[in-house]
Amino acid sequence: MARIAYVNGCYLPIDAPAIQIEDRGFQFSDGVYEVWLVRDGQFLDHAGHLERLKRSLGELRIDLPMSDAALDVALRETLRRNRLGDALVYLQVTRGAARRDHAFPLKPVRPTIVITVRPAPRAPLAARAETGIGVITANDIRWKRCDIKSISLLPNVLAKQAAREAGAFEAWLINADGEVTEGSSSNAWIVTGEGALVTRPAGDDILNGITRQRIIRIAAAQGLRLEERAFTVEEALSAREAFISSATSMVMPVVSIDGRPVANGAPGSLAGALRESYEAGEQA
Ligand code: PDD
């Protein structure tokens, strides 16, 4: 079945020519995006993603030309037209198309809105969680506003490619202080010998993952100890467990870093339990 995309109010085949040459997303990466995991037709953490979208748009001063209700209809209708129950839904919003000039268009233009959907079957994800993933490390060469979910992803692209070429699934980004900030498309976590969950505090240097926020709520509800603080690769290597979180991976155990095993090199039990809580839709 042909995949269908939403583009500025129209539902089109995914390969239809639909974006203008002078779209500022194409010319300048001048836009933001969001990603929802859909399970059985339900958008997980719908409100959280919507809230982060608005924050990202606000930081870039892009006005979404659509009400929440209209956007919601477009998201659900695009999903419906692709006939998928387990899916990933991507939303891209750019400042729109205008004669090329770095500064914002003098006369405001209508932002470009694109929604795409792709299958996210459960079995491959579950299989990956069974074995766990390897990560490599890469220098964090991104800009200083990683809290904005910008479509400008070149450092992330290069880091993920380096991971792929090394046979790893993700790259953990390392800042000038030798700390792990986050993954190229996920947040990074460890579990200490004492059983405390550790993840970097939300700030300008990471994307505050919606999955991350839900894990924090689940941890609080289950009485787990949480430490929002920086950690290094050395600490991660001697930790009891490590894992990543994102809408695409949910909770995914990390079993090696740069080819060195984390703990005994097998997925940790807390990551497994958190993954189950997350899948079960446990909120707090
Ligand atoms: N990535 N950090 C980065 C840099 C990310 O790109 C992502 C998500 C996350 C986790 O955020 P969330 O839990 O809200 O998915 C953290 C999405 C999934 C992507 O780029 O496809």
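Numbering of ligands and ligand atoms starts at 1, following listing order.
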Set of ring-ring contact (aromatic ring centres under 6.0 Å, His included) partners for Phe28, sequence neighbours left out:
His102
Ion pair Glu77/Arg81, N-O distance below 4.0 Å
yes
Here the side chain to side chain donor-acceptor pair (under 3.5 Å) pairs for residues 163-172, sequence neighbours left out, are Lys160-Glu170, Gln161-Glu165, Glu170-Ser184, Glu170-Ser186
Can you list, pair by pair, the side-chain donor-acceptor contacts under 3.5 Å of residues 4-14, counting residues two or more places apart and other chains?
from, atom 1, to, atom 2, distance (Å)
Tyr6, OH, Gly9, N, 3.1
Asn8, OD1, Ile113, N, 2.8

Is there any protein N/O under 3.5 Å from an N/O of ligand 1, and what does the full list of such pairs look like?
from, atom 1, to, atom 2, distance (Å)
ligand 1, 1 (N), Lys149, NZ, 3.3
ligand 1, 1 (N), Ser185, O, 3.4
ligand 1, 2 (N), Glu182, OE1, 2.6
ligand 1, 13 (O), Ile210, N, 3.4
ligand 1, 13 (O), Thr211, N, 3.0
ligand 1, 13 (O), Thr211, OG1, 2.6
ligand 1, 14 (O), Arg52, NH1, 2.9
ligand 1, 14 (O), Arg52, NH2, 2.9
ligand 1, 14 (O), Ile210, N, 2.8
ligand 1, 15 (O), Ala247, N, 2.8
ligand 1, 20 (O), Tyr33, OH, 2.7

Hey, could you give me the NZ/CG distance between Lys54 and Asp68, rounded to the nearest 0.5 Å?
3.0 Å
Are Leu153 and Phe169 joined in one hydrophobic group, where the rule is that I, L, V, M, F, W and Y side chains link up if heavy atoms are under 4.5 Å apart?
yes
